[in-house]
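Reckoned from all heavy atoms, side chains included, excluding hydrogens, waters and symmetry mates. Sequential numbering from 1 along the given sequence is applied to the chain's residues.
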Amino acid sequence: MKALVLAGGAGTRLRPITHTSAKQLVPVANKPVLFYGLEAIAAAGVREVGMVVGDTQQEIEAAVGDGSAFGLEVTYLRQRAPLGLAHAVLIARDYLGDDDFVMYLGDNFIVGGIESLVDRFRTERPAAQIMLTHVADPRQFGVAELDDAGRVVGLVEKPEFPKSDLALVGVYLFTPAVHEGVAALKPSWRGELEITDAIQWLIDQGRRVESTVISGYWKDTGNVTDMLEVNRIVLDGLERRLDGEIIGDCEIIGRVVVEPGAEVTRSRLVGPVVVGAGAVVRDSYVGPYTSVAEGCQILDSEIEYSILLRRASIIGVRRIEASLIGHDVEVTPAPNTPRAHRLVLGDHSKVQISS
């Protein structure tokens with residue numbers, strides 16, 4: 001079995017962060033989301049990975065390399081434009097050959113991994129096996145319809161009137177039978193080749209499509225709210241470890257990780273919190289569910305339930321909550337006079353100002 005990992009896409013819902021960074025590499029608990037998926041694939045016993053990449057190929061390749069750090073062999077497959085999940089299967093046809101494969105969306109996060117799912121597929125070998133989960137608004141997802149026996153009888157991508165609240169999770173398993181279905185597809189109303197249509201083709205041809213409704217945690221980390229929520233889930237599993245330097249009168253409460261080379265001085269940290277290597281926290285408060293990446297500075301400030309990317313600095317600011325702060329960002333107080341807001345904002349920025 002091989003794996004097909006989708007790591008293209010523009011990440012428009014995470015702009016402006018994704019103007020300069022691949023959405024799959026935005027970190028939760030100081031580790032890129034993509035890495036959690038690669039670790040899950042390796043743990044399931046899959047070794048060969050085809051990585052579908054787009055305009056951020058260079059950044060993805062620099063982070064993942066040849067895959068050996070994960071126990072994988074990674075081959076990069078260039079997709080000229082994000083034309084749908086089934087289009088990714090189409091361009092990977094030669095790489096996949098006649099092997100079974102698991103398709104994993106690189107910006108998805110699943111607690112508990114995929115080992116049991118892969119084991120079941122290897123044993124039963126249906127034409128396709130999908131994962132489903134109950135969602136509040138199925139109109140935002142591919143939606144499955146099941147019969148009374150629990151078999152998949154229909155799939156629709158982002159339906160206006162969903163027939164169930166069961167959304168497809170971003171992990172699919174296929175035999176080579178899916179390639180015939182993909183080859184028969186025409187673009188949907190969205191102009192994309194939909195994987196839901198390919199699976200529907202299998203159903204219409206009488207091929208067996210199995211599903212598993214997962215009770216564990218799953219998130220598509222496509223927006224800031226979901227990124228912060230996944231960060232919270234991962235940090236909940238922290239074990240306290242203070243390898244950095246704790247200086248002066250500090251209060252360290254609960255599950256706090258201070259990586260080697262980090263310095264915490266005269267500050268209060270309330271876990272779960274992770275402070276990356278080389279970061280400096282001084283005269284500050286860092287509250288629960290905050291990830292501080294390597295090389296960051298938090299000086300005379302307060303922050304909680306947030307993600308700071310590498311080398312961000314927050315100096316003299318009270319208070320920051322529920323924020324995603326990008327690489328090399330500087331956050332400082334505004335001058336007291338004149339009483340005005342001075343802004344330099346990139347495209348698609350969102351700013352909330354209390355005045």
Side-chain angles (χ1 to χ4, degrees), residues 1-9 11 13-14 22-47 49-52 60 63-64 67 70-72 74 85 88 100-122 126 128-138 140-144 152 155 165-174 195-196 199 209-238 289 291 307:
M1 178 180 287
K2 290 176 179 172
L4 189 65
V5 176
L6 276 58
R13 291 177 296 161
L14 276 173
K23 65 177 180 176
Q24 298 84 5
L25 297 181
V26 177
V28 291
N30 286 0
K31 181 163 66 176
V33 171
L34 176 61
F35 288 11
Y36 293 96
L38 295 176
E39 289 169 355
I41 288 167
V46 179
R47 292 292 172 262
V49 174
M51 184 87 67
V52 178
I60 297 289
V64 176
F70 305 92
L72 302 171
V74 174
L85 304 187
D100 296 346
F101 67 98
V102 53
M103 184 167 75
Y104 199 115
L105 306 192
D107 60 352
N108 276 222
F109 183 87
I110 300 171
V111 171
I114 60 171
E115 292 177 63
S116 60
L117 183 77
V118 171
D119 288 344
R120 176 185 166 190
F121 178 81
R122 282 175 164 146
Q129 188 169 309
I130 59 177
M131 295 175 71
L132 305 172
T133 190
H134 296 281
V135 295
D137 186 3
Q140 305 300 314
F141 303 93
V143 175
V152 182
L155 292 164
D165 67 346
L166 289 170
L168 277 77
V169 174
V171 178
Y172 312 77
L173 293 111
F174 296 109
I195 199 66
T196 46
I199 300 171
V209 175
E210 298 289 343
S211 67
T212 300
V213 179
I214 64 171
S215 56
Y217 188 84
W218 164 77
K219 273 290 184 183
D220 169 1
T221 60
N223 59 52
V224 173
T225 299
D226 288 341
M227 288 292 306
L228 292 172
E229 176 66 7
V230 171
N231 192 61
R232 182 187 69 81
I233 292 293
V234 176
L235 289 180
D236 262 335
L238 280 185
Y289 303 113
S291 295
I307 299 173

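Applying the side chain to side chain contact (heavy atoms under 4.5 Å, CB included) test to Ala29 and every residue at least two apart in sequence or in another chain returns Tyr36, Asn231, Val234, Leu235, Ser291. Checked against side chain to side chain donor-acceptor pair (under 3.5 Å), Tyr289 has the following partners two or more places apart in sequence or in another chain: Asp236. Residues that satisfy the side chain to side chain contact (heavy atoms under 4.5 Å, CB included) test with Asp119, not counting sequence neighbours, are Arg122. Listed by chain and residue number, Glu115 satisfy the side chain to side chain contact (heavy atoms under 4.5 Å, CB included) test with Ala43 (two or more places apart in sequence, or in another chain). For the side chain to side chain contact (heavy atoms under 4.5 Å, CB included) test, residues two or more places apart in sequence or in another chain that qualify with Ala128 are Phe174, Leu202, Val209.
Contact check for Val26 versus Val33: no side-chain heavy atoms found under the 4.5 Å cut-off. With a 4.5 Å cut-off on side-chain heavy atoms, Leu34 and Val5 count as touching. With a 4.5 Å cut-off on side-chain heavy atoms, Phe70 and Ile41 do not count as touching.
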Query - Val171 and Asn108: CA distance, side-chain angles, deciding distance, side chain to side chain contact (heavy atoms under 4.5 Å, CB included) verdict - result: CA-CA 8 Å; Val171 178; Asn108 276 222; 5.9 Å; no

Requested in this report: Report the C-alpha distance between Met103 and Val52 in whole Å, list the side-chain angles of each, state the deciding distance to 0.1 Å, and finish with yes or no for side chain to side chain contact (heavy atoms under 4.5 Å, CB included).
Outcome: CA-CA 10 Å; Met103 184 167 75; Val52 178; over 6 Å; no

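Looking at every heavy atom in both residues, Ala144 comes nearest to Leu168 through N-CD1, 4.1 Å. Across all non-hydrogen atoms, the minimal contact from Val46 to Leu72 is O-CD2, 3.2 Å. Between Met51 and Ala7, the shortest heavy-atom contact is SD-CB, 3.8 Å. Between Ala88 and Leu4 the shortest heavy-atom distance is O-CD2, 4.0 Å. What you find for Thr196 and Gly142 is that their closest heavy atoms are CG2-CA, 4.3 Å. Between Ile114 and Ala40, the closest heavy-atom pair is CG1-O, 3.8 Å.
Here the straight-line distance linking atom CG of Leu132 with atom CD1 of Ile130 works out to 4.5 Å at 0.5 Å rounding. Atoms CG and CZ, on Asp100 and Phe121 in that order, are 4.5 Å from each other to the nearest 0.5 Å. To the nearest 0.5 Å, the span separating CG on Leu173 from CZ on Arg120 amounts to 10.0 Å. Taking CD1 of Ile195 as the start and CG of Leu155 as the end, the distance is 10.0 Å to the nearest 0.5 Å. Distance check, rounded to the nearest 0.5 Å: CD1 of Ile110 to CG of Leu105 gives 8.5 Å. Remark: Asp165 CG to Thr133 OG1 distance equals 9.0 Å, nearest 0.5 Å.
Residue pairs that meet the salt bridge (charged side-chain N to carboxylate O under 4.0 Å, His left out) test with at least one member in residues 24-36, sequence neighbours left out, are Lys31-Glu39.
Judged by distance alone, with hydrogens and angles left aside, the side-chain atoms of Gln129 form a donor-acceptor pair with the main-chain N or O of Leu117 at under 3.5 Å.
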